[in-house]
Amino acid sequence: MASNRPLKAPSPPRPLPAFAHISQHFDRDLGSWCARILPGQYYVSRNDEMIDTVLGSCVSACLRDPQAGVGGMNHFMLPQSNGTSGNSWLDPKTGLATRYGSFAMESLINDLLKLGAARERLELKLFGGGKILESSIDVGERNAAFAREFARIEGLQIIAQDLGDIYPRKVIYHPLTGRVKVKRLHALDRARIAGEERNYAATIQSAPEGNDVELFD
């Protein structure tokens, strides 16, 4: 007689030592282990696993080298730079905002390169940047504009993107195949995510601008 008990999840893949602090969970719908990243985190893997996150105005960059069999995803938000206007915050001379975003992107890229990826083979997908925060500045568009500009300057090929609009998203990324699932979330999720992002924004906004500050986990 067949058992009605759910099948036991396989053992989780062992993360790289630098990412042992990242939470893992088994998604039965996907039949796969997932590493869940929070704002300010990133994750790199060469395992057959997924990476997931929930984005409001934040942006995630999904990067992989299909030849090296390694990929990863980050989750970042730019802090506001006081006294700047227009796109002047993209100027590295303004300090924290650009350096914060660059740190998020370069940390992900550098860890991929350490595992044998080549910069010229990297495939980039961008997600998030929704307008969900009540602010005179469209924080989501600002984050999305930074990600696009970073890709342009660094010569990274954007092969897919889902940026902007007014809704939060859940993003699930498979770093080995590059497959992505995006789910647009509802109003109740939007209120919760907006609150979490306001708290996170307050935390990063209070960070000093010195070059010796470690901005992420």
Side-chain angles (χ1 to χ4, degrees), residues 12-25 27 32-55 58-79 92 96-129 143-144 146-161 163 170-182 200 203-204 207 210-217:
R14 179 173 296 181
L16 295 167
F19 304 102
H21 63 290
I22 299 295
S23 173
Q24 293 176 296
H25 65 282
D27 188 314
S32 174
W33 280 93
C34 296
R36 175 157 296 165
I37 58 172
L38 303 174
Q41 294 182 332
Y42 72 102
Y43 188 83
V44 168
S45 178
R46 50 190 173 195
N47 296 322
D48 183 13
E49 61 180 323
M50 312 293 282
I51 310 169
D52 71 13
T53 198
V54 175
L55 301 164
C58 292
V59 166
S60 277
C62 301
L63 271 171
R64 76 175 187 121
D65 179 337
Q67 182 172 319
V70 62
M73 180 166 71
N74 62 19
H75 180 153
F76 70 91
M77 173 190 286
L78 302 182
L96 185 60
T98 299
R99 287 190 290 107
Y100 206 102
S102 295
F103 187 91
M105 294 299 298
E106 289 170 0
S107 295
L108 176 59
I109 292 171
N110 288 340
D111 274 42
L112 291 172
L113 297 181
K114 290 175 186 176
L115 293 174
R119 185 178 288 264
E120 64 273 12
R121 293 197 303 258
L122 291 177
E123 297 178 350
L124 173 62
K125 299 180 179 181
L126 297 173
F127 303 95
N143 292 324
F146 169 81
R148 293 190 190 101
E149 181 68 2
F150 184 94
R152 185 190 68 79
I153 291 171
E154 296 296 323
L156 297 173
Q157 180 186 10
I158 302 175
I159 64 171
Q161 57 184 303
L163 296 165
K170 180 176 181 179
V171 178
I172 306 173
Y173 177 59
H174 192 273
L176 297 191
T177 65
R179 183 166 56 95
V180 180
K181 289 180 175 288
V182 179
Y200 179 63
T203 300
I204 60 176
N211 289 330
D212 59 342
V213 175
E214 184 175 347
L215 298 171
F216 292 84
D217 292 338

Colleague: Is the backbone N or O of Leu38 less than 3.5 Å from a side-chain atom of Thr53, with the two atoms forming a donor-acceptor pair by type?
Modeller: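 Checked: no pair found.
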Colleague: Among residues two or more places apart or on two chains, list those pairs meeting salt bridge (Lys or Arg N to Asp or Glu O under 4.0 Å) that have a residue in residues 33-45.
Modeller: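 Pairs touching residues 33-45 that pass the test: Arg36-Asp52.
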Colleague: How would you list, by chain and number, every residue that makes a salt bridge (charged side-chain N to carboxylate O under 4.0 Å, His left out) with Glu123, sequence neighbours excluded?
Modeller: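 Scan of Glu123 (salt bridge (charged side-chain N to carboxylate O under 4.0 Å, His left out), adjacent residues dropped) gives Arg64.
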Colleague: How would you list, by chain and number, every residue that makes a side chain to side chain contact (heavy atoms under 4.5 Å, CB included) with Val44, sequence neighbours excluded?
Modeller: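 Residues passing side chain to side chain contact (heavy atoms under 4.5 Å, CB included) with Val44: Leu16, Phe19, Tyr42, Val70, Leu108, Asp111, Leu112, Leu115.
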Colleague: Please identify each residue that fulfils side chain to side chain donor-acceptor pair (under 3.5 Å) with Asp48, with sequence neighbours left out.
Modeller: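 With sequence neighbours excluded, Asp48 shows a side chain to side chain donor-acceptor pair (under 3.5 Å) to His174, given in chain and number order.
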Colleague: So which atom in Pro15 and which in Ala20 form the shortest heavy-atom distance, rounded to 0.1 Å?
Modeller: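 Shortest heavy-atom separation between Pro15 and Ala20 comes out as CG-CA, 4.0 Å.
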Colleague: List the steps and the verdict of side chain to side chain contact (heavy atoms under 4.5 Å, CB included) for Phe150 and Ile109.
Modeller: CA-CA 12 Å; Phe150 184 94; Ile109 292 171; 3.9 Å; yes
Colleague: Decide yes or no on side chain to side chain contact (heavy atoms under 4.5 Å, CB included) for Asp27 and Cys34, but give the supporting numbers first.
Modeller: CA-CA 7 Å; Asp27 188 314; Cys34 296; 4.0 Å; yes
Colleague: Quick one: side chain to side chain donor-acceptor pair (under 3.5 Å) partners of Asn110, sequence neighbours excluded?
Modeller: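 Once residues adjacent in sequence are excluded, Asn110 has no partner under the side chain to side chain donor-acceptor pair (under 3.5 Å) criterion.
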Colleague: Applying ring pair (Phe, Tyr, Trp, His ring centres under 6.0 Å), name anything that partners Phe127, two or more places apart in sequence or on another chain.
Modeller: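 Phe127 satisfies ring pair (Phe, Tyr, Trp, His ring centres under 6.0 Å) with no residue once adjacent residues are dropped.
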Colleague: Mind checking whether Glu49 and Tyr43 have side chains closer than 4.5 Å, heavy atoms only?
Modeller: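 The answer is yes, as the side chains (C-beta and beyond) meet within the 4.5 Å cut-off.
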Colleague: Who pairs with Pro12 by side chain to side chain contact (heavy atoms under 4.5 Å, CB included), at least two apart in sequence or on another chain?
Modeller: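 Listed in chain order: Gln24, Trp33.
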Colleague: Identify the two heavy atoms, one from Phe146 and one from Gly101, that lie closest to each other, and give their separation to 0.1 Å.
Modeller: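 It is CZ-C, 3.2 Å.
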Colleague: Once you round to the nearest 0.5 Å, how far does CD1 of Ile158 lie from CG of Leu63?
Modeller: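 It is 10.0 Å, given to the nearest 0.5 Å.
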Colleague: Distance check, rounded to the nearest 0.5 Å: Ile22 atom CD1 versus Ser45 atom OG?
Modeller: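 These two atoms lie 11.5 Å from each other.
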Colleague: Applying salt bridge (charged side-chain N to carboxylate O under 4.0 Å, His left out), can you list everything that pairs with Arg119, at least two apart in sequence or on another chain?
Modeller: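 Counting only residues at least two positions away or on another chain, Arg119 forms a salt bridge (charged side-chain N to carboxylate O under 4.0 Å, His left out) with Glu154.
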Colleague: Who are the side chain to side chain donor-acceptor pair (under 3.5 Å) partners of Tyr173, not counting sequence neighbours?
Modeller: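 Not a single residue meets the side chain to side chain donor-acceptor pair (under 3.5 Å) criterion with Tyr173.
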Colleague: If I compare all heavy atoms of Cys58 with all of His75, which pair ends up nearest, and what's the gap?
Modeller: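 Residues Cys58 and His75, closest heavy atoms: CB-NE2, 3.3 Å.
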Colleague: Measuring from Ile37:CD1 to Ser60:OG, what's the distance to the nearest 0.5 Å?
Modeller: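 Nearest 0.5 Å value for the CD1-OG distance: 4.5 Å.
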Colleague: Of all the heavy-atom pairs spanning Val59 and Ala144, show the shortest one and how long it is.
Modeller: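 The pair with the smallest heavy-atom distance is CG2-N, 3.7 Å.
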Colleague: Run the numbers on Lys125 and Ile159 for side chain to side chain contact (heavy atoms under 4.5 Å, CB included), then give the verdict.
Modeller: CA-CA 6 Å; Lys125 299 180 179 181; Ile159 64 171; 3.6 Å; yes
Colleague: Which heavy atom in Pro79 sits nearest to a heavy atom in Ile204, and how many Å separate them?
Modeller: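 In this case the closest contact between Pro79 and Ile204 is N-CD1, 3.8 Å.
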Colleague: Got a sec, which residues hit salt bridge (charged side-chain N to carboxylate O under 4.0 Å, His left out) with Arg152, two or more places apart in sequence or on another chain?
Modeller: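 Listed in chain order: Glu149.
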Colleague: Is there side-chain contact between Arg148 and Gln161, with heavy atoms separated by less than 4.5 Å?
Modeller: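 Side chain of Arg148 against side chain of Gln161, heavy atoms only: contact under 4.5 Å found.
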Colleague: Measure from the side-chain N and O atoms of Asn143 to the backbone N and O of Leu78, and report whether any donor-acceptor pair falls under 3.5 Å.
Modeller: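 Side chain of Asn143 to backbone of Leu78, a donor-acceptor pair under 3.5 Å: yes, one is there.
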Colleague: Search all heavy atoms of Pro175 against all heavy atoms of Gly72 and return the closest pair with its distance.
Modeller: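 For Pro175 versus Gly72, the nearest heavy atoms are CB-N, 4.1 Å.
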Colleague: Just how far is it from atom SG of Cys62 to atom CG of Leu126, taken to the nearest 0.5 Å?
Modeller: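 It is 8.0 Å, given to the nearest 0.5 Å.
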Colleague: Applying salt bridge (charged side-chain N to carboxylate O under 4.0 Å, His left out), can you list everything that pairs with Arg46, at least two apart in sequence or on another chain?
Modeller: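 Testing Arg46 for salt bridge (charged side-chain N to carboxylate O under 4.0 Å, His left out), a comparison that skips the adjacent residues, returns none.
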Colleague: Residues in side chain to side chain contact (heavy atoms under 4.5 Å, CB included) with Gln67, at least two apart?
Modeller: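 Per chain and number, Gln67 pairs via side chain to side chain contact (heavy atoms under 4.5 Å, CB included) with Asp65, Arg121.
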